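Worksheet: one structure, shown below.
Note that the structure is predicted; figures quoted are calculated from it, not measured. Atom set for the values below is all heavy atoms of this structure, side chains included, hydrogens, waters and symmetry mates excluded.
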Amino acid sequence: MATLAPARLLDHRADFPGLVTADGKPWHYLDTAATAQKPRAVIDAIARAYGPDYATVHRGVYARSADMTIAYENARRKAATFIGGREEETIFVRGATEGINLVAHSWGMANLKPGDRIMLSQLEHHSNIVPWQLVAERTGAEIDVAPLTEDGRIDLDALASMLTERHKMVALAHVSNVLGSVLDARRAADMAHSVGALLLLDGCQAVPRLPVDVAALDCDFYVYSAHKLYGPTGIGVLWGRAALLEAMPPWQGGGAMIDRVTFARTTFAPPPQRFEAGTPHIAGAVGLAAAIDYVEAIGVEAIHAHECALVAEAHEALAGINAIQVFGPKDSAGILSFAMQGVHPHDIGTILDEANVAIRAGHHCAQPLMDHLGVPATARASFGVYSNSDDVEALVRGLDRVRRIFG
């Protein structure tokens, strides 16, 4: 096996305590697209939030509660400005999946009717398919699916030809979680708006690895998850245009989202509080703020260049293994999916795990895309700020072993 030429890469591996095995050996973690490892700065921020800083938010008159409220709302401000939005447009949710469900059920149930149409694409994650199916069944709206180009991008030319004034929502992945292909989001926004439709972008894979500015993209809703951005699980962000959020009814009822409650009638708080019923994930918000600080200190552009270099290394290395087929464009954003002839991806993942290489194997919550690719599943290697050339070399060594085992 040829030795890969070293790339000029970032070196932040030491910041991540999870990247070693129980016996102290390097763990080659190549599943960042599923969830990112956490830097010590985030872990420490969460520990402080649950320890000496802990108190509830918005309700206490004592000092620690006031301090935690400031920290929580500061996290909202960071989550907004990180993608070019405003804090009053930024809602904390349990994750991107809940953010899409919130839009589908609050905006969708209030605005969709029989005969209206929703535009998705062939490569969407299930979380950007199933919520729209549920709301379509309840409202009588119908769903259309834009095809892909040969190299695995959303075919915007075909999408443009399919759009009509009956389309009210276009919901697309900014970056594919399987193929790593990057959407021309501004062009998609222009197309949607030209027929009077809104554009929702699933930014889960984009935000950790691409600069995002919702104003420049001109989208109407944007969602992302903290745990893919080196932050904690259980919290995510829904950004929406202020006028749209103001017109949307509550999705869940309870404490914190009200103005005045009587048994006769309840009035509701303005956004974002209107959509944040109950005690929020306080420590999660603090952890997200720490993750954003960590990423901004390095620079998203630098992270993107780092991951692109590793993808290029991996493409070059896998090209030398005849039995492997790589899916998606060569300039994918930090994600590489592939199949090996005659070997199920689960077997690939199991054998690689024996060599301390962790990849994802399966349909990646994108079964319609698997059907399009003509495979039941793929193996997926995905990179992060902590990944390096050693990880790529370990992957290639492991795949060479897989090939020998299966002949």
Side-chain angles (χ1 to χ4, degrees), residues 55-61 65-66 68-81 83 85-113 116 118 127-128 131-132 134-141 168-169 171 197-202 214 219-226 234-286 288-289:
T56 194
V57 296
H58 298 146
R59 298 165 188 164
V61 296
S65 176
M68 186 57 91
T69 299
I70 291 170
Y72 180 80
E73 292 302 331
N74 180 60
R76 189 192 307 277
R77 191 174 305 112
K78 286 181 184 290
T81 58
I83 60 168
R86 303 198 309 269
E87 57 190 295
E88 62 268 25
E89 301 170 320
T90 302
I91 300 162
F92 283 133
V93 286
R94 288 184 302 159
T97 298
E98 184 171 81
I100 296 172
N101 273 276
L102 193 162
V103 176
H105 288 270
S106 177
W107 177 88
M109 291 298 294
N111 290 278
L112 295 173
K113 61 185 185 302
D116 289 341
I118 302 162
S127 62
N128 200 30
W132 299 112
L134 292 173
V135 77
E137 290 173 359
R138 296 172 185 174
T139 62
K168 305 304 179 185
M169 173 62 74
L198 303 180
L199 175 67
L200 178 146
L201 293 174
D202 172 2
V214 292
C219 58
D220 300 287
F221 297 103
Y222 200 97
V223 298
Y224 68 93
S225 292
I235 190 166
V237 172
L238 164 63
W239 172 88
R241 291 187 186 275
L244 293 171
L245 296 177
E246 185 62 41
M248 286 163 52
W251 181 39
Q252 296 175 327
M257 49 76 69
I258 57 88
D259 173 38
R260 177 80 170 92
V261 176
T262 69
F263 282 108
R265 181 172 180 267
T266 293
T267 55
F268 303 106
Q273 286 76 22
R274 181 185 302 166
F275 303 103
E276 294 183 5
T279 301
H281 188 4
I282 301 165
V286 172
L288 171 57

Looking only at heavy atoms, what is the nearest atom pair of [X] and [Y], with distance?
X    : Y    : result
A256 : G278 : CB-O, 4.1 Å
G85  : W239 : CA-NE1, 3.7 Å
R265 : T267 : NH1-CG2, 3.0 Å
L288 : A79  : CD2-CB, 4.2 Å
A242 : E89  : N-OE2, 3.4 Å
A71  : V286 : CB-CG2, 4.4 Å

Going through the checks in order, is the side chain to side chain contact (heavy atoms under 4.5 Å, CB included) test met by L102 and M248?
CA-CA 10 Å; L102 193 162; M248 286 163 52; 3.8 Å; yes

How long is the gap from [atom1] on [X] to [atom2] on [Y], to the nearest 0.5 Å?
X    : Y    : atom1 : atom2 : value
H105 : E98  : NE2   : CD    : 10.5 Å
L200 : W132 : CG    : CH2   : 5.5 Å
I258 : T266 : CD1   : OG1   : 7.5 Å

Check against side chain to side chain contact (heavy atoms under 4.5 Å, CB included), M169 and D116:
CA-CA 9 Å; M169 173 62 74; D116 289 341; over 6 Å; no

L245/I91 under side chain to side chain contact (heavy atoms under 4.5 Å, CB included): CA gap, chis, key distance, verdict:
CA-CA 10 Å; L245 296 177; I91 300 162; 3.8 Å; yes

Going by ring pair (Phe, Tyr, Trp, His ring centres under 6.0 Å), name the residues that satisfy it together with H58, two or more places apart in sequence or in a different chain.
Y72

Is any side-chain heavy atom of [X] closer than 4.5 Å to a side-chain heavy atom of [Y]?
X    : Y    : value
L198 : L244 : yes
W107 : L112 : yes
T139 : M109 : yes
W251 : V103 : no
L201 : F221 : no
F92  : L238 : no
V93  : V237 : no

Using atom types as modelled and distance alone, determine if a side-chain donor or acceptor of S65 lies under 3.5 Å from a backbone N or O of G60.
yes

Not counting sequence neighbours, which residues clear salt bridge (charged side-chain N to carboxylate O under 4.0 Å, His left out) with D202? List them please.
none

Residues which pass salt bridge (charged side-chain N to carboxylate O under 4.0 Å, His left out) with R241, listed by chain and number, not counting sequence neighbours:
D218, D220

Qualifying residues under side-chain contact (heavy atoms from CB on, under 4.5 Å), relative to M257, sequence neighbours excluded
P250, F268, A277

With sequence neighbours left out, the residues meeting side-chain contact (heavy atoms from CB on, under 4.5 Å) with E246 are P270, P271, R274

side-chain hydrogen bond (donor to acceptor under 3.5 Å, both in side chains) partners of N111, counting only residues at least two apart
none

Using a strict 4.0 Å threshold on nitrogen-to-oxygen distance, state whether R76 and E276 make a salt bridge.
yes

Carboxylate-amine/guanidinium proximity below 4.0 Å for R77 and E87
yes

Candidate list T279, I70, I282, test side-chain contact (heavy atoms from CB on, under 4.5 Å), partner V57, passing option:
I282

